[in-house]
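For clarity, every value in this text was computed on a predicted model and none was experimentally measured.
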Amino acid sequence: MSMTMTDGARQPDGEVVISVRGLTKVFKDFWGRPKARAVDNVDFDVRRGEVFGLLGPNGSGKSTTVKLLLGLLYPTKGHIEVFSHSPSHVATKSRIGYLPEESYLYRYLNSHETLDFFGNLFHLPRNDRNDRTEQLLEMVGLSQTRMRAVGEFSKGMQRRIGLAQALINDPDLVILDEPTSGLDPIGCREVKDLILALARRGKTVILSSHLLADVEDVCDRVVIYYGGKVQAMGALKELLATPDAIRITTPALSRETLERVLAIIRHDVADEKVSIDTPTQNLERYFLDVVQSARQAEAETSGAMSGARVAAYLRGGAEAKPAPDKILERLAAPQPAAPASVPAPEPAETVDRQKLEALTKPAVPAAPVPAPAPAAAKPLNAEELRKADEKLASLVRKRNE
């Protein structure tokens, strides 16, 4: 387990973000007969600033639970509250970011257009959409591929753009379903660092993953499903503790000192097996060190690159760029939500509206001297005439009302 999770420096506060009581979901066939009990009488709470893991084998009920929390499915029995509201509450949905297990993207849009589309769904002003899009593309390492259609992306690159779309609205609750699937070890480490950064800022993260090493690195608490029921739940530090064994780590000792220490230990545990080994770093840490050393000769790539830093708006507020070794530690307070504004109409739309309003004005009697015909007048075709008639009829109805 990483030192971030074991030193106790980060603790979630007492505010309950998600409350689940007696949650049950039974899927039925066409005739209404019970077919599968996907979730069976589940209870748990998730608090603000907590990274909560959903574990279990395939078909154990994890994805069904996620869909129930999102309001995509309705429970057969039980009660769910998300931010003290029902999951179907519209305002609550605007505070949630979701990365599904499979990336559902419009394959003919490029990276920038994809994030702009999802930002528009949350009614973000255009300037905010553009700023956040640039920051997110840099964060997930896709700034060099912004003009490529996402349908050409590999699975790992699609996960990166999917993670970016889940964060475009600066959500208070982030639900990630297999976020590191298809990512290389560098991308996996960056996603885990991002999760920890979000939690330190007070965001709540629910992580559903089959990769237990990822869960162990970032989660505060986990729930383990099997057969739709909760088989185990609690803090990872408590669940993984081995109370009947102790590990002592020291600097390298001389042979004489080591023999004296072993003699004392064996005197107290005469019948127990005492083992000695040399501490090792995990493979992920070793891999990242090797890649970091090799980056001195790094060439340009058309694929995903290592993300530079957490997006500024996710850190909260505008601030100077932090030092590279303290990227995830310098997180500011959340910025206030921008006031809702009505977007200005596009120039083309304004021109059409002016033409239509001119058509609705009363005709002016002909003057003794005819006015010159407008220059470069272009006759309207049948389709343009039909559209103009429709808009004219709409304006007349509104004026009569």
Side-chain angles (χ1 to χ4, degrees), residues 2 4-23 39 41-55 62 65-72 75 78-99 122 163 166-177 179 191-209 215 217-225 230 232-239 310-311 313-317 328-338:
S2 66
T4 305
M5 302 308 304
T6 58
D7 59 8
R10 176 172 60 84
Q11 296 291 338
D13 61 27
E15 179 185 350
V16 175
V17 172
I18 295 176
S19 178
V20 174
R21 293 291 180 271
L23 182 61
V39 180
N41 197 29
V42 169
D43 298 335
F44 62 82
D45 290 330
V46 183
R47 301 184 181 279
R48 183 176 182 271
E50 185 174 29
V51 182
F52 190 81
L54 295 177
L55 303 179
K62 304 188 305 299
T65 300
V66 168
K67 292 176 182 178
L68 289 167
L69 294 177
L70 292 169
L72 302 177
H79 180 71
I80 305 175
E81 282 190 2
V82 181
F83 295 112
S84 301
H85 293 281
S86 166
S88 59
H89 188 249
V90 175
T92 297
K93 292 180 183 292
S94 65
R95 302 176 62 184
I96 300 176
Y98 174 48
L99 173 64
F122 289 99
L163 178 62
L167 299 173
I168 190 68
N169 61 320
D170 193 14
D172 296 316
L173 171 62
V174 184
I175 300 179
L176 306 175
D177 198 350
V191 169
K192 290 187 284 188
D193 288 343
L194 172 63
I195 291 174
L196 294 174
L198 292 173
R200 281 194 290 268
R201 191 186 162 198
K203 308 290 188 181
T204 303
V205 181
I206 293 182
L207 174 62
S208 175
S209 177
V215 175
D217 279 347
V218 299
C219 287
D220 301 301
R221 292 190 303 130
V222 299
V223 58
I224 300 178
Y225 277 82
V230 174
M233 181 170 57
L236 272 175
K237 185 175 181 180
E238 299 173 357
L239 296 177
V310 177
Y313 78 93
L314 291 175
R315 296 196 308 271
L328 299 178
E329 282 70 21
R330 300 181 58 181
L331 305 174
Q335 60 184 0

Which residues satisfy the ring-ring contact (aromatic ring centres under 6.0 Å, His included) test with Phe52, sequence neighbours excluded? Phe44
Quick check: closest heavy atoms across Gly97 and Pro171, and the distance to 0.1 Å? N-CB, 3.3 Å
Partners of Val215 by side chain to side chain contact (heavy atoms under 4.5 Å, CB included), sequence neighbours excluded? Leu55, Leu207, Ser209, Cys219, Val222
Set out, in order, the CA-CA distance, both residues' side-chain angles and the distance that settles salt bridge (Lys or Arg N to Asp or Glu O under 4.0 Å) for Asp170 and Lys203, then state yes or no. CA-CA 9 Å; Asp170 193 14; Lys203 308 290 188 181; 3.0 Å; yes
Residues in side chain to side chain contact (heavy atoms under 4.5 Å, CB included) contact with Ala235, at least two apart in sequence or another chain: Arg221, Glu238
Which pair of heavy atoms, one from Leu198 and one from Leu167, lies closest together, and at what distance? CD1-CD2, 4.1 Å
Identify the two heavy atoms, one from Ser94 and one from Asn169, that lie closest to each other, and give their separation to 0.1 Å. O-ND2, 2.9 Å
Under 4.5 Å between any side-chain heavy atoms of Lys62 and Ser208, yes or no? yes
Within the 4.5 Å heavy-atom criterion, are Ile195 and Leu176 side-chain neighbours or not? yes
Any donor-acceptor pair under 3.5 Å linking the side chain of Asp177 with the backbone of Leu99? no
Restricting to salt bridge (charged side-chain N to carboxylate O under 4.0 Å, His left out), what partner residues turn up for Asp43, sequence neighbours left out? none
Kindly compute the distance separating CG (Leu69) from CD (Glu81), expressed to the nearest 0.5 Å. 12.5 Å
Between Asp45 and Glu50, the two heavy atoms sitting closest are O-OE1, 4.4 Å
Strictly distance-based, threshold 3.5 Å: is any side-chain N or O of Lys93 a donor or acceptor partner for the main-chain N or O of Leu70? yes
Within a strict 4.5 Å, meaning less than it, do heavy atoms of the Ile206 and Val174 side chains meet? no
Val42 versus Tyr225: any side-chain heavy-atom pair under 4.5 Å? yes
Under the side chain to side chain contact (heavy atoms under 4.5 Å, CB included) test, which residues partner His89, sequence neighbours left out? His85, Ala91, Thr92
List the atom of Leu68, the atom of Pro75, and the distance in Å for their closest heavy-atom pair. CD2-N, 3.6 Å
Determine whether Ile80 and Val82 make a side-chain contact, defined as any pair of heavy atoms from C-beta on separated by less than 4.5 Å. yes
Measuring from atom CG of Leu163 to atom CG of Leu194, what distance do you get when rounded to the nearest 0.5 angstrom? 5.5 Å
For Arg47 versus Val16, what's the shortest heavy-atom pair and its separation? NH1-CG2, 3.2 Å
Rounded distance (nearest 0.5 Å) linking atom OG of Ser84 with atom CD1 of Ile18: 11.5 Å
Going by the rule side chain to side chain contact (heavy atoms under 4.5 Å, CB included), which residues pair with Lys67 if we only count those two or more places apart in sequence or in a different chain? Leu72, Leu73
Apply the test side-chain contact (heavy atoms from CB on, under 4.5 Å) to residues Val230 and Ile224: give CA-CA distance (whole Å), side-chain angles for both, the deciding distance (0.1 Å), then the verdict. CA-CA 6 Å; Val230 174; Ile224 300 178; over 6 Å; no
